[in-house]
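Below: one structure, written as structure tokens.
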Amino acid sequence: MSRLSRSFYQKDTVAAAREILGKILVRDTGKELLSGRIVEAEAYTGPGDPASHAYRGPTPRSRIMFGPPGYAYVYFCYGNHSLLNAVTEEEGRAGAVLIRGLDPVEGLGTIRKNRGNVEDKNLLNGPGKLTRGLEITLPLNGEDLVRGSELWIEDGQIFPGERIISTPRIGIKKGTERLWRFVLENKSGPGGPL
DNA sequence: GAGAAGATCTCCT
DNA sequence: GGAGATCTTCTCA
């Protein structure tokens with residue numbers, strides 16, 4: 001496995017959100033590697049996307065979305081939850097991909113311990129859950145996903161029988177008409193998460 | 001300087 | 001299935 005290069009992130013945010021599915025998010029806690037396969041992501045752009053933090057232009061919090069691509073944007077929401085994004089688009093243009101769901105790959109024991117006593121299928125299937133499971137916290141905001149030593153994304157692939165579906169984004173009140181949420185489905189049967 | 005809203009999760013009924 | 005928890009950031013006066 002090799003890390004995604006800077007050029008992967010330096011593209012259209014919606015395209016990056018779709019292509020990041022199947023890639024491997026890796027967290028090095030200093031003691032062991034925790035990783036998971038990305039199965040759900042959402043695209044957030046800048047001006048023109050009322051659901052994005054960058055909608056009103058750069059602020060102290062959102063300015064990282066306007067910076068160079070390939071960096072982590074971690075922020076705190078609802079009092080208890082850190083949410084992880086990967087900054088996209090070229091420098092000066094706002095964009096980020098919200099990582100919403102993972103399938104555990106490495107460090108399952110530690111992830112289970114971090115998450116408490118929940119079913120395996122519920123370990124990392126939400127943006128607040130995966131950050132807790134992989135110990136992704138606010139100090140990782142601004143981490144370089146291409147050259148950093150604590151958090152990065154490795155190349156991965158879509159397997160035969162899997163398909164990418166697009167749906168409206170979750171948990172927002174504005175901009176829901178855009179189908180910028182992408183989910184990797186590995187079941188061909190009826191009845192998805194919707 | 002104060003108030004309100006927010007890209008969520010968990011517990012309780 | 002529904003409502004509370006809980007804190008950072010932004011906006012307005």
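Chain letters run A, B, ... following the sequence lines, proteins first, then strands; residues in each count from 1. The figures here come from the full heavy-atom set of this structure, side chains too, leaving out hydrogens, waters and symmetry mates. The structure presented is a predicted model; accordingly, all values stated were derived computationally and were not measured.
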A:D120/A:R112 under salt bridge (charged side-chain N to carboxylate O under 4.0 Å, His left out): CA gap, chis, key distance, verdict: CA-CA 8 Å; A:D120 280 4; A:R112 283 203 187 101; 2.8 Å; yes

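Here the closest non-hydrogen pair linking A:R147 and A:R3 is C-NH1, 3.6 Å.
Straight-line distance from the CZ atom of A:F76 to the C1' atom of B:dA5: 16 Å, rounded to whole Å. If you measure from atom OH of A:Y75 to atom C1' of C:dC10, you get 14 Å, rounded to the nearest angstrom. Taking atom OH of A:Y78 as the reference point, atom P of C:dA5 lies 16 Å away to the nearest angstrom. To the nearest angstrom, P of B:dA7 lies 19 Å from CD1 of A:I136. Taking atom CZ of residue A:F182 and atom P of nucleotide B:dA7, one finds them 19 Å apart after rounding to whole Å. Protein atom CD1 of A:I172 is 15 Å distant from nucleotide atom C1' of B:dA5, rounded to whole Å. Rounded to whole Å, the distance from CG on A:L83 to P on B:dT8 is 6 Å. Between the CZ atom of A:R115 and the C1' atom of B:dC11 there is a distance of 14 Å, rounded to whole Å.
The phosphate of B:dT8 (OP1 or OP2) has no side-chain N or O of A:K129 nearer than 4.0 angstrom. The shortest distance between the side-chain N/O atoms of A:R63 and the OP1/OP2 oxygens of C:dC10 is not below 4.0 Å.
When each of B:dG6, C:dT9, B:dT8 is scored by its nearest atom to the side-chain atoms of A:K173, the top-ranked nucleotide is B:dG6. Nearest to the side chain of A:R56, among C:dC10, B:dG6, C:dT11, sits C:dT11. The side chain of A:H81 lies closest to B:dT8 when the candidates are B:dT8, B:dT10, C:dC10. Checked against C:dC10, C:dT6, B:dC9, the side chain of A:P60 finds its nearest nucleotide in C:dC10.
Cation-pi geometry between A:K11 and A:F8 is met: the NZ or CZ atom falls under 6.0 Å from the ring centre, inside 45° of the normal.
Between A:V74 and A:T131 the shortest side-chain heavy-atom distance does not fall below 4.5 Å. Side-chain atoms of A:I164 and A:R18, non-hydrogen and from C-beta on, do get closer than 4.5 Å to each other.
Positionally, the nearest nucleotide of DNA chain B for A:A54 lies more toward the 5' end than for the other of A:N122 and A:A54.
Side-chain N/O atoms of A:T88 and A:T13 include a donor and acceptor closer than 3.5 Å.
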DNA chain B base-pair string [pairs: Watson-Crick or G-U under 3.5 Å; |: paired with another strand]: ||||||.|||||.

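Among the atoms of the strands shown, only primed sugar atoms or phosphate atoms (P, OP1, OP2) are found under 4.0 Å from some heavy atom of A:R100.
A:T176 OG1 to A:R181 CZ: the interatomic distance, rounded to the nearest 0.5 Å, is 13.0 Å.
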